[in-house]
> 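I have a structure I would like to understand better, so I am pasting it below and will then ask my questions one at a time.
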Amino acid sequence: AKMVNVPKQRRTFCKGRKCKKHTLHKVTQYKKGKDSVYAQGKRRYDRKQQGYGGQTKQVFHKKAKTTKKIVLKMECTTCKYKKQLPIKRCKHFELGGDKKKKGQMIQF
């Protein structure tokens with residue numbers, strides 16, 4: 001039940017052709033893009049759904065997971081090469097929050 005806090009910048013290895021060394025990366029959280037209307041599965045599903053006959057494919061109900069794995073999107077500041085890094089599951093995720101200091105009182 002811990003809050004995961006990740007800094008907004010991180011020095012890590014860049015696989016880009018220009019770099020091939022540790023450089024500063026800009027860190028953001030990965031977000032799923034909008035579903036394409038023209039994807040083959042969507043076209044097939046829409047074709048099957050039209051007309052009479054109700055719902056033709058099963059709708060998933062037995063959801064077991066309460067969290068998603070967090071994916072960090074990293075962009076090299078020198079060559080703009082992007083990479084993704086999945087980290088563990090967590091309920092609370094924060095980008096660039098305040099760092100925890102040792103031996104400090106908790107303020108409310």
Side-chain angles (χ1 to χ4, degrees):
K2 287 262 182 77
M3 164 82 93
V4 176
N5 186 14
V6 174
K8 284 189 177 170
Q9 284 190 323
R10 160 191 287 207
R11 266 180 65 80
T12 182
F13 186 76
C14 172
K15 284 199 299 193
R17 260 183 286 145
K18 291 179 191 162
C19 295
K20 289 222 187 297
K21 59 174 184 270
H22 271 66
T23 55
L24 203 64
H25 282 66
K26 199 169 77 186
V27 181
T28 51
Q29 192 178 356
Y30 164 83
K31 285 274 193 291
K32 185 173 173 287
K34 210 175 86 172
D35 288 335
S36 168
V37 189
Y38 306 109
Q40 178 61 68
K42 176 80 173 124
R43 297 199 308 258
R44 185 184 296 123
Y45 178 73
D46 290 343
R47 184 93 183 98
K48 200 171 180 183
Q49 282 291 87
Q50 61 185 223
Y52 295 114
Q55 181 69 31
T56 56
K57 288 178 81 80
Q58 64 274 49
V59 178
F60 184 71
H61 291 300
K62 295 184 176 178
K63 191 168 180 296
K65 303 274 190 285
T66 56
T67 57
K68 281 197 160 86
K69 286 181 181 176
I70 301 293
V71 176
L72 301 179
K73 200 165 72 183
M74 299 204 250
E75 186 184 336
C76 175
T77 49
T78 54
C79 74
K80 302 281 181 273
Y81 179 86
K82 293 174 187 72
K83 70 172 179 180
Q84 292 181 336
L85 178 82
I87 55 177
K88 288 183 179 172
R89 295 175 176 278
C90 62
K91 289 204 168 155
H92 303 293
F93 176 78
E94 174 175 43
L95 247 168
D98 305 334
K99 278 208 178 125
K100 255 200 295 193
K101 306 262 195 326
K102 274 225 170 86
Q104 254 197 348
M105 300 247 294
I106 300 149
Q107 275 127 13
F108 288 107

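Being a predicted model, the structure only gives us computed values, none of them experimental.
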> Closer than 4.0 angstrom, basic N to acidic O: yes or no for Lys101 and Asp98?
no
> Taking the side chain as every heavy atom from C-beta outward, state whether Lys48 and Lys57 have any atom pair closer than 4.5 Å.
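Result yes, sub-4.5 Å side-chain heavy-atom pair found.
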> With hydrophobic residues grouped by side-chain heavy-atom distances under 4.5 Å, do Tyr30 and Val27 end up in a single group?
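No: no chain of side-chain contacts under 4.5 Å links Tyr30 to Val27.
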> Run the side chain to side chain contact (heavy atoms under 4.5 Å, CB included) test on Cys19 and Thr78 for me, step by step, so that the C-alpha distance in whole Å, both residues' side-chain angles and the decisive distance to 0.1 Å come before the verdict.
CA-CA 8 Å; Cys19 295; Thr78 54; 3.1 Å; yes
> Would you name the heavy atoms of Gln84 and Pro86 that are closest together and state the gap between them?
O-CD, 4.1 Å
> Below 4.5 Å, heavy atoms only, C-beta onward: do Gln49 and Gln55 meet side chain to side chain?
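Yes; the side chains approach each other to less than 4.5 Å.
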> Does any non-hydrogen side-chain atom of Lys42 lie less than 4.5 Å from one of Ser36?
no
> With the side chain counted from C-beta on, respond yes when Tyr81 and Thr23 share a heavy-atom pair under 4.5 Å apart, and no when they do not.
no
> Say you draw a straight line from NZ of Lys20 to SG of Cys79; how long is it, rounded to the nearest 0.5 Å?
10.0 Å
> Applying side chain to side chain contact (heavy atoms under 4.5 Å, CB included), can you list everything that pairs with Thr28, at least two apart in sequence or on another chain?
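Partners of Thr28 by the side chain to side chain contact (heavy atoms under 4.5 Å, CB included) criterion, ordered by chain and then number, come out as Lys73.
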> Is the shortest heavy-atom distance from the side chain of Val4 to the side chain of Lys88 under 4.5 Å?
no
> Are Leu95 and Leu85 linked, directly or through intermediate hydrophobic residues, by side-chain heavy-atom contacts shorter than 4.5 Å (ILVMFWY only)?
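Same hydrophobic cluster.
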> With a 4.5 Å heavy-atom cut-off, do Leu72 and Phe93 have their side chains touching?
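Result yes, sub-4.5 Å side-chain heavy-atom pair found.
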> Is it the case that over 12 heavy atoms from other parts of the model lie below 6.0 angstrom from the CZ atom of Phe60?
yes
> For Thr12 versus His25, what's the shortest heavy-atom pair and its separation?
O-CE1, 3.3 Å
> A side-chain contact here means heavy atoms from C-beta on lying under 4.5 Å apart; do Lys80 and Glu75 qualify?
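In contact.
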> Looking at CE of Met74 and CZ of Arg10, how far apart are the two atoms once the value is rounded to the nearest 0.5 Å?
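Those atoms lie 4.5 Å apart.
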> Going from NZ on Lys99 to CG on Asn5, what distance comes out if it is rounded to the nearest 0.5 angstrom?
9.0 Å
> Sequence neighbours excluded, which residues qualify as side chain to side chain contact (heavy atoms under 4.5 Å, CB included) partners of Leu24?
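Scan of Leu24 (side chain to side chain contact (heavy atoms under 4.5 Å, CB included), adjacent residues dropped) gives Gln9, Arg11, Thr77.
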